[in-house]
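For reference, the structure is listed below as structure tokens.
These figures come from a predicted structure and were not determined experimentally. The sequence lines fix the lettering, A, B, ..., with proteins before strands; numbering per chain opens at 1.
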2 protein chains.
Amino acid sequence: MSDAALWAALADPHRRAIIALLLERPRPVGEIVRACGLSQPSTSKHLKVLRETGLVRVRQDAQRRVYALDPAPIAALDAWLAPYRKLWNDSLDALGHRLDEPPDTAEPCAPKD
Amino acid sequence: MSDAALWAALADPHRRAIIALLLERPRPVGEIVRACGLSQPSTSKHLKVLRETGLVRVRQDAQRRVYALDPAPIAALDAWLAPYRKLWNDSLDALGHRLDEPPDTAEPCAPKD
DNA sequence: CGGTTATATGCCTGTCAAGGAATGGACCAT
DNA sequence: ATGGTCCATTCCTTGACAGGCATATAACCG
């Protein structure tokens, strides 16, 4: 469902930069604006996207809105990653072992459906 | 550098679907075309993007091009993820109401730069 | 209250990427 | 050689998104 939204949110480098900023500590909008060199409205729009995907939470502190990272959605990314991580760990093992492969053409590439 | 390219490549749901297909086993283009319901040219273009980010490799087998997953770039994703994974594991620990990391909040949120 | 700070939203424009259709090109079979 | 299969590339159109500017909203301060 929101898996696509999560990927879309993290696809933007500015948004990843914001995420990285908030990893250090929660920050108000103005600080994020100065850090990522965008205009305040653009930054606000990026924050809105991150909010809607659940990647950040807001806490109101007087006139300021302090944004903080919510790591929960990133867990979904890790879950997506899990099978691939296993695969590349196997690859590293293979490198450590040997490089010659038995005929791995055992799979006849038959269409499954 | 190519970190942005990696994110951009994985941002597209069709490309993630292709990656998932290739996780099971290497496949020729025609099979991928049928599996993801796109036209052959569109599929080829997606495969080109995946090729250019190093996510897949091609092996020529007569007239067919057999694509296979290369998990190496995904390691970069895992590296990116690492700090956040730590964070959300801490959150889970906090849910278990065991906060036996007393001086971990020694960071007074002072502006670093 | 009026002014100021801090943030969000709407509108507009340029850019970029995805998708389809048509085409090109490599390889095989007869 | 010729036709056929499999795949890549080009051209074109369309839609989505980012960014800036102007403006609205909200909270503090006097």
Side-chain angles (χ1 to χ4, degrees), chain A residues 2-22 25-69 105 108-111, chain B residues 1-22 25-69 109 111:
Chain A
S2 71
D3 207 48
L6 177 63
W7 280 103
L10 291 174
D12 186 277
H14 284 138
R15 285 196 285 262
R16 287 199 304 277
I18 293 176
I19 291 289
L21 279 175
L22 297 183
R25 54 185 156 92
R27 295 174 194 255
V29 176
E31 206 175 321
I32 303 175
V33 167
R34 286 187 295 277
C36 65
L38 284 177
S39 70
Q40 178 267 315
S42 291
T43 306
S44 250
K45 275 179 277 191
H46 283 305
L47 288 171
K48 181 178 188 175
V49 174
L50 294 174
R51 238 186 300 134
E52 289 171 345
T53 60
L55 280 163
V56 300
R57 296 184 322 260
V58 207
R59 172 177 57 98
Q60 185 130 14
D61 173 50
Q63 325 93 318
R64 291 185 302 182
R65 304 265 192 128
V66 180
Y67 279 81
L69 191 61
T105 53
C109 284
Chain B
M1 181 187 76
S2 72
D3 207 46
L6 178 62
W7 280 103
L10 291 175
D12 186 278
H14 285 138
R15 285 195 287 262
R16 287 199 303 277
I18 292 176
I19 291 289
L21 278 174
L22 297 182
R25 53 185 155 95
R27 297 174 193 255
V29 176
E31 206 176 320
I32 303 175
V33 167
R34 285 188 296 276
C36 66
L38 284 176
S39 72
Q40 178 266 316
S42 291
T43 307
S44 251
K45 275 180 278 188
H46 283 305
L47 288 171
K48 180 178 188 176
V49 173
L50 294 174
R51 236 186 301 134
E52 289 171 345
T53 59
L55 280 164
V56 300
R57 296 184 320 260
V58 208
R59 172 177 58 97
Q60 186 130 12
D61 173 50
Q63 323 94 320
R64 292 185 303 181
R65 304 267 192 126
V66 179
Y67 278 81
L69 190 61
C109 284

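When side chains are defined from C-beta on, B/Leu10 does not count as touching B/Thr53, because their heavy atoms never get closer than 4.5 Å.
For A/Arg16, there are no salt bridge (charged side-chain N to carboxylate O under 4.0 Å, His left out) partners two or more places apart in sequence or in a different chain. A search for side-chain contact (heavy atoms from CB on, under 4.5 Å) contacts involving B/Ala20 returns A/Tyr84, not counting sequence neighbours.
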### side chain to side chain contact (heavy atoms under 4.5 Å, CB included) between B/His46 and B/Ile32, worked out
CA-CA 11 Å; B/His46 283 305; B/Ile32 303 175; over 6 Å; no
### Task
Quick one: do B/Lys48 and B/Ser44 satisfy side chain to side chain contact (heavy atoms under 4.5 Å, CB included)? Show the steps, please.
CA-CA 6 Å; B/Lys48 180 178 188 176; B/Ser44 251; over 6 Å; no
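Taking both residues in full, the closest heavy atoms of B/Ile19 and B/Leu55 are given as CD1-CB, 4.1 Å, listed atom of the first, atom of the second, then distance. When all heavy atoms of A/Arg51 and A/Val56 are compared, the pair lying nearest together is N-CG2, 3.6 Å. In plain terms, the two heavy atoms of B/Arg64 and B/Pro28 that are nearest each other are CD-CB, 4.2 Å. The heavy-atom pair separating A/Ser39 from A/Val33 by the smallest distance is C-CG1, 4.4 Å. Taking each heavy atom of B/Arg27 and B/Leu21 in turn, the nearest pair found is NE-O, 3.2 Å. Residues B/Leu22 and B/Tyr67 approach most closely at CD2-O, 3.5 Å, considering heavy atoms.
Across residues 8-22 of chain A, A/Asp12, A/His14, A/Arg15 each have a non-hydrogen atom less than 4.0 Å from an atom of DNA chain D (numbered order).
Between the A/Arg15 side chain and the A/Ala9 main chain, a donor and an acceptor come within less than 3.5 Å of each other.
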Could I get a table of every N or O pair under 3.5 Å where one atom is in the protein and the other is in nucleotides 4-10 of chain D?
from, atom 1, to, atom 2, distance (Å)
D/dC7, OP1, B/Val29, N, 3.2
D/dC7, OP1, B/Arg65, N, 3.4
D/dC7, OP2, B/Gly30, N, 2.7
D/dA8, OP1, B/Tyr67, OH, 2.6
D/dA8, OP2, B/Ser44, OG, 2.3
D/dA8, N7, B/Gln40, NE2, 2.7
D/dA8, N6, B/Gln40, OE1, 3.2

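The CG-P distance, from A/Leu38 to D/dC17, rounds to 17 Å in whole Å.
Close approach of DNA chain C to chain B, defined as any atom under 4.0 Å from a non-hydrogen atom of the protein, starts and stops at C/dA18 to C/dC28.
Note that the two end axes of the helix from C/dC1-D/dG30 to C/dT30-D/dA1 enclose an angle of 20°, each drawn from 5 base pairs, rounded to 10 degrees.
From A/His14, atom NE2 reaches atom CG of A/Leu50 across 12.5 Å, with rounding to the nearest 0.5 Å.
Taking the nucleotide of DNA chain D with the nearest heavy atom to each of A/Ala62 and A/Ser39, the more 5' of the two is matched to A/Ser39.
Using a 4.0 Å cut-off, some side-chain N or O of A/His46 falls inside it from OP1 or OP2 of D/dG19.
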